[in-house]
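The structure appears right after this line, and notes come after that.
Values in this document were obtained by computation on a predicted structure and should not be read as measured data. The analysis underlying the following values was restricted to heavy atoms, covering all of them including side chains, and did not include hydrogens, waters or symmetry mates. Numbering of residues begins at 1 and proceeds along the displayed sequence.
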Amino acid sequence: MTTTVDPPAATLPTARMRTWHRPSLWFAAAMGVATVLTVVAMLIDHRTLLGAPVWAKPFKFAVSGGLYYFTWSWLVSLLNGRLRKVANVATTVSVVLFAAEYVAMAFQAARARPSHFANTSPFDAALFQAMGVMVAGLWLATLVVTVLLMFTRIEDRAVYWAVRTSAVLALIGAGLGATMTQPTPIERAEIKATGHSDLIGAHSVGVADGGPGLPLLGWSTTGGDLRIAHFIGLHALQALPLLAFGLAVLATRLPRLRESAVRVRLVWTGSVGYAGLVGLILWQAERGEPLIHPSSTTLAAAGLLVGVVAVAAAASVLVPARKAVR
């Protein structure tokens, strides 16, 4: 009787980049260029919109979109046969829809008009509604590929589970954008009083959009901000696979991590902890609480989450792996 030990992932994703989904890889590169251009635009164009530089949102979306589609390009390469063909189409649709949304966002930035929640004019409202349709289509295309990823075959079991859990959490994170689309109490009161509001929906809770925020990120420092959970949820797509690959690298130095079961347990611990973090941050924001000024209740919940994850991680390493007869 010997302990079952699977070899850690032999190669990082970049070793097979030639098989990656090309449209999303090219688009990720285009978002890299957009990142540079929006930085230049912020240095030249000093106009502001809702308290932030007009090009801040296109900059943030370029960085986030570049990371997002770079990762999807790799994930699609893990599929084979008919599943790969369907995933190629769905991911290409996703790229086209995100690109269209980004163009609309940049267009509104050039006009110094809000791209999301805009209701200033019939044109602004129609453009925001069109963007909403694009986002819904993007989410459905991502749902298709997420389901297909459940059928991937990956030798390293830690990576196998990291791919699945990260895709599901990213899909949930993307869906959290819907929490920002309802009129705020202030907007409802304005509509009731005047029949119109220049904005319909908001990312801030308890305060108006455009107040003090964190440098560059812009996340509210005076109220809750729904963008944070949305952002963190989306980027589970990078965090959890990186955890799995990091464990594979550490396994070359730490014999205990060479056991597949140990790395799998750590990936599941990380996945559950990450989901808990997204839930905690969403709960904090919905109570109108700034990220950097947590209440004692939030701190207690965060401490409990950290404690549970720490205990689970220690148990993952210390509990003996199941024995198997070869």
Side-chain angles (χ1 to χ4, degrees), residues 38 42 46-64 101 105 108-109 112-120 124-125 128 131-132 135 169-170 172-194 196-236 239 274-306:
T38 50
M42 284 190 285
H46 300 290
R47 292 176 297 164
T48 60
L49 177 64
L50 295 176
V54 293
W55 294 103
K57 179 178 283 189
F59 166 75
K60 290 185 287 187
F61 269 70
V63 173
S64 182
E101 183 190 9
M105 190 185 313
Q108 289 293 75
R113 295 287 185 90
S115 51
H116 293 87
F117 322 127
N119 194 45
T120 309
D124 291 329
F128 176 46
M131 291 172 69
V135 170
L169 285 176
I172 294 171
L176 292 179
T179 61
M180 309 178 208
T181 59
Q182 297 303 310
T184 67
I186 294 175
E187 291 165 354
R188 284 196 291 267
E190 188 176 355
I191 292 170
K192 184 176 181 180
T194 67
H196 177 79
S197 173
D198 285 345
L199 296 172
I200 302 293
H203 51 72
S204 298
V205 179
V207 295
D209 283 356
L214 293 175
L216 189 62
L217 295 171
W219 296 339
S220 178
T221 57
T222 57
D225 199 317
L226 298 168
R227 294 175 295 182
I228 307 173
H230 175 55
F231 174 84
I232 292 176
L234 274 173
H235 291 289
Y274 201 97
L277 175 64
V278 173
L280 175 63
I281 290 175
L282 178 62
W283 178 59
Q284 181 187 21
E286 287 180 334
R287 291 184 291 123
E289 192 177 285
L291 177 69
I292 62 172
H293 299 299
S295 65
S296 57
T297 301
T298 301
L299 288 174
L304 179 62
L305 177 62
V306 170

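Shortest non-hydrogen contact noted between G288 and P290 is O-CD, 3.9 Å. Across every non-hydrogen atom of T222 and S220, the tightest pair is N-OG, 3.2 Å. For the pair A112 and R47, the tightest heavy-atom approach, listed with the atom from each and the gap, is CB-NH1, 3.6 Å. Annotation for M131 and S115: closest pair SD-O, 3.5 Å, computed over non-hydrogen atoms.
Residues that satisfy the ring-ring contact (aromatic ring centres under 6.0 Å, His included) test with F117, not counting sequence neighbours, are F128. Under the rule for a side chain to side chain contact (heavy atoms under 4.5 Å, CB included), S296 has no partner lying at least two apart in sequence or in another chain. Looking at residues two or more places apart in sequence or on another chain, you find no side chain to side chain contact (heavy atoms under 4.5 Å, CB included) involving A300. The side-chain hydrogen bond (donor to acceptor under 3.5 Å, both in side chains) search around K57 returns H116, not counting sequence neighbours. For A301, the side chain to side chain contact (heavy atoms under 4.5 Å, CB included) partners are L280, W283, not counting sequence neighbours. Take A109 and apply the side chain to side chain contact (heavy atoms under 4.5 Å, CB included) test, not counting sequence neighbours, and it matches W55, P58. Applying the side-chain hydrogen bond (donor to acceptor under 3.5 Å, both in side chains) rule to D124 yields the partners Q108, R111, R113, S121; only residues at least two apart in sequence or on another chain are considered.
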Below 3.5 Å, can you tabulate the donor-acceptor pairs from side chains in residues 228-236 to any protein atom, sequence neighbours excluded?
residue : atom : partner : partner atom : Å
H230    : ND1  : G173    : O            : 2.7
H235    : ND1  : Q238    : OE1          : 2.5
H235    : NE2  : S64     : OG           : 2.6

N/O donor to acceptor pairs below 3.5 angstrom from side-chain atoms of residues 200-214, sequence neighbours left out:
residue : atom : partner : partner atom : Å
H203    : ND1  : D209    : OD1          : 3.4
H203    : ND1  : R227    : NE           : 3.4
S204    : OG   : D209    : OD1          : 2.9
D209    : OD1  : H203    : N            : 3.4
D209    : OD1  : S204    : N            : 2.9
D209    : OD2  : H203    : N            : 3.3

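Remark: L226 CG to T179 OG1 distance equals 4.0 Å, nearest 0.5 Å. Taken from CD in Q284 to OG1 in T298, the straight-line distance is 4.5 Å, to the nearest 0.5 Å.
Each salt bridge (charged side-chain N to carboxylate O under 4.0 Å, His left out) pair with one or both residues in residues 278-306, not counting sequence neighbours, appears once here: R287-E289.
Using a distance-only test at 3.5 Å, with no hydrogens or angles considered, no donor-acceptor pair links the side chain of N119 to the main chain of A125. One N or O on the side chain of T184 and one on the backbone of E187 form a donor-acceptor pair closer than 3.5 Å. Checking side-chain atoms of T194 against main-chain N and O of I191 turns up no donor-acceptor pair under 3.5 Å. With hydrogens and angles ignored, the 3.5 Å screen pairs no side-chain donor or acceptor of E101 with any backbone N or O of V135.
Within the 4.5 Å cutoff, the side chain of L282 has heavy atoms near those of the L176 side chain. Under the 4.5 Å side-chain criterion, counting only non-hydrogen atoms from C-beta, P114 is in contact with L49. Inter-residue side-chain proximity for L216 and F59 is flagged as met; some heavy-atom pair is nearer than 4.5 Å.
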